[in-house]
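Each remark here refers to the structure printed beneath this line.
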Number of protein chains: 2
Amino acid sequence: MPTKRSALLREAPIPEMQGLLQGEPSPVGGRREAGKAERRRAIIKAARELIRETGNAGLSMRALAARAGVSLATPYNLFGSKRAIVVAMLQDVREFHEQFSAKRPADPIDRIFLALDTAIELYVGDPPFYRTLWTAVFDASEGMREEILGPKGDAFWRGLVDEAAASGALREGVNPNLIGQHLDFIRRSAMFEWAVGLIPAERLAATARLGYAFILAGAVTDDRRQKLFAAVTEAQRRLA
Amino acid sequence: MPTKRSALLREAPIPEMQGLLQGEPSPVGGRREAGKAERRRAIIKAARELIRETGNAGLSMRALAARAGVSLATPYNLFGSKRAIVVAMLQDVREFHEQFSAKRPADPIDRIFLALDTAIELYVGDPPFYRTLWTAVFDASEGMREEILGPKGDAFWRGLVDEAAASGALREGVNPNLIGQHLDFIRRSAMFEWAVGLIPAERLAATARLGYAFILAGAVTDDRRQKLFAAVTEAQRRLA
DNA sequence: TCTTTTGTAGTAACATGTTCTAAATTTCGG
DNA sequence: CCGAAATTTAGAACATGTTACTACAAAAGA
């Protein structure tokens, strides 16, 4: 259990983190902010390398600081905690959005499944890395979890459901937000089980798809249900 | 990150743990085993008290050992790790089974919902305690997680679904095990979000019920679907 | 009863995440 | 260019989970 002696100085919200990780130029920063950004990048890069080389076990703050060429205190100044660093890596979803945007949109329900597949493909493509990250997600302190797990972190996925709702794919009276929440539950649980080794990579996609299909079958209009039943059958076949 | 210097001596499977926590007498043990059992009980008891009094933060191994009246090394000999101790507390499901058995069984689908409600009621009845425990679940090391999260740990829940399947409530071709898995996903996710504070206690039951209803609606025979749609509507109303 | 085995007490030690301090360095405003 | 403010550095320090080790007590087996 980490020490919590004052817990006031660090723990900063790190307002620019998002922007730095997703976009290119630092918002408006002077030279000072640029330096911080560079150090942040160096730290993230070092963390990536360490995870790739030695797994999560090798990612100690002392090793990380040494590798990034900064002092041990600096990662704490810039990120607040080790967890925040890992979370920052997971939030860098550029790659996913590129992959997803490259493919053709389609029926809103199909889009949901496509996004699911794309994300899983990405994760499974680099198991040691994403496994570590996902494990860390469930290990994160309360504040962090909200960042990734809360509605905010899942905004992209909720948007997909909203599209489906807007196009009239959902049954009268079902709340898209609640559907989205439960799809998130499924996706996260599946990722979690994969991360800890309870689900092998080959079964991950089919497992998540099955859960999605179940839930959507319960939420979709009557005329679309058969298609989702077919998705259930198909996913079950792959899991047989 | 914990030290992993040899990781061979401790980490024992602790074969009798289950029995000790659930049943009364130690399996066949001589006097030696009885002593161990007593120490185990003392440790669990001390852990409970410490969590209740000070929250998870106060549960340090040194404090625990002192309170239990054993040496610091003893909890490691008996449980293997701090996490294993917390997990042992969560596995003590006697109370739940008593509560559940006390109620009348019913339609197999109703039984599933009843079990869900009963479990959640139990957890919400003692938030500081179960919150800590559930948080620890997602914090557990790989071996531990399997213990609680794997099919084995969820055997009770899977059994309920099997009953439903046996009574012909499920659509042709749906695999009860896979249904059970996804119900587990929902339940765990909901518990997790409650544990970390993303879902308030008042919404927990309705949230989990909604997910169950969605999934079961996608899995059940046509004649039973309307009832589950009603459950969806009802749960949504409570969440409005 | 005597010997062997098993398990604990007691305690030191280690690695790690985290915080703190003072000094050094860098940036910024003027 | 200068002083003030902000940050980093280096290193010590702390709490904690965990392991190692020795001495000792108690049970088991002969």
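Chain letters run A, B, ... following the sequence lines, proteins first, then strands; residues in each count from 1. Side chains included, hydrogens not; waters and symmetry mates left out as well; all remaining heavy atoms used.
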query: Think B:R187 forms a cation-pi with B:Y212, using NZ or CZ under 6.0 Å from the six-ring centre and within 45 degrees of its axis?
result: no
Report the distance from atom [atom1] of [X] to atom [atom2] of [N], rounded to the nearest whole Å.
{"X": "B:R62", "N": "C:dA12", "atom1": "CZ", "atom2": "P", "value": "12 Å"}
{"X": "B:L59", "N": "D:dT16", "atom1": "CG", "atom2": "P", "value": "11 Å"}
{"X": "B:F79", "N": "D:dT19", "atom1": "CZ", "atom2": "C1'", "value": "18 Å"}
{"X": "B:L72", "N": "C:dA12", "atom1": "CG", "atom2": "P", "value": "12 Å"}
{"X": "A:M61", "N": "C:dT16", "atom1": "CE", "atom2": "P", "value": "12 Å"}
{"X": "B:L64", "N": "D:dT18", "atom1": "CG", "atom2": "P", "value": "11 Å"}
{"X": "A:R40", "N": "D:dT8", "atom1": "CZ", "atom2": "P", "value": "9 Å"}
{"X": "A:L50", "N": "C:dT16", "atom1": "CG", "atom2": "C1'", "value": "15 Å"}

Return the CZ to CG distance between A:F185 and B:L210, rounded to the nearest 0.5 Å.
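That separation rounds to 9.5 Å.
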Q. For the ring pair (Phe, Tyr, Trp, His ring centres under 6.0 Å) test, which of A:F192, A:Y130, A:F129, A:F96 pairs with A:Y123?
A.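 Looking at A:F192, A:Y130, A:F129, A:F96, the match for A:Y123 under the ring pair (Phe, Tyr, Trp, His ring centres under 6.0 Å) is A:Y130.
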field: Nearest-neighbour nucleotide for the B:S60 side chain, D:dT18, D:dT16, D:dT8 considered
entry: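 Closest nucleotide to the B:S60 side chain: D:dT16.
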Ranking D:dT9, C:dG17, C:dT11 by distance to the side chain of B:A73, first place goes to C:dT11
Enumerate the protein-to-nucleotides 4-7 of chain D contacts in which both atoms are nitrogen or oxygen and the separation is below 3.5 Å.
unit_1 : atom_1 : unit_2 : atom_2 : d
D:dA6  : N3     : A:R32  : NH2    : 3.4
D:dT7  : OP1    : A:K36  : NZ     : 3.1

For the residue pair A:Q181 and B:I199, establish whether any side-chain heavy-atom pair is separated by less than 4.5 Å. yes
Within a strict 4.5 Å, meaning less than it, do heavy atoms of the B:L78 and B:I85 side chains meet?
no
- Task: May I ask you to decide whether A:E33 forms a salt bridge with A:K36, counting only side-chain N to carboxylate O separations under 4.0 Å?
- Result: yes
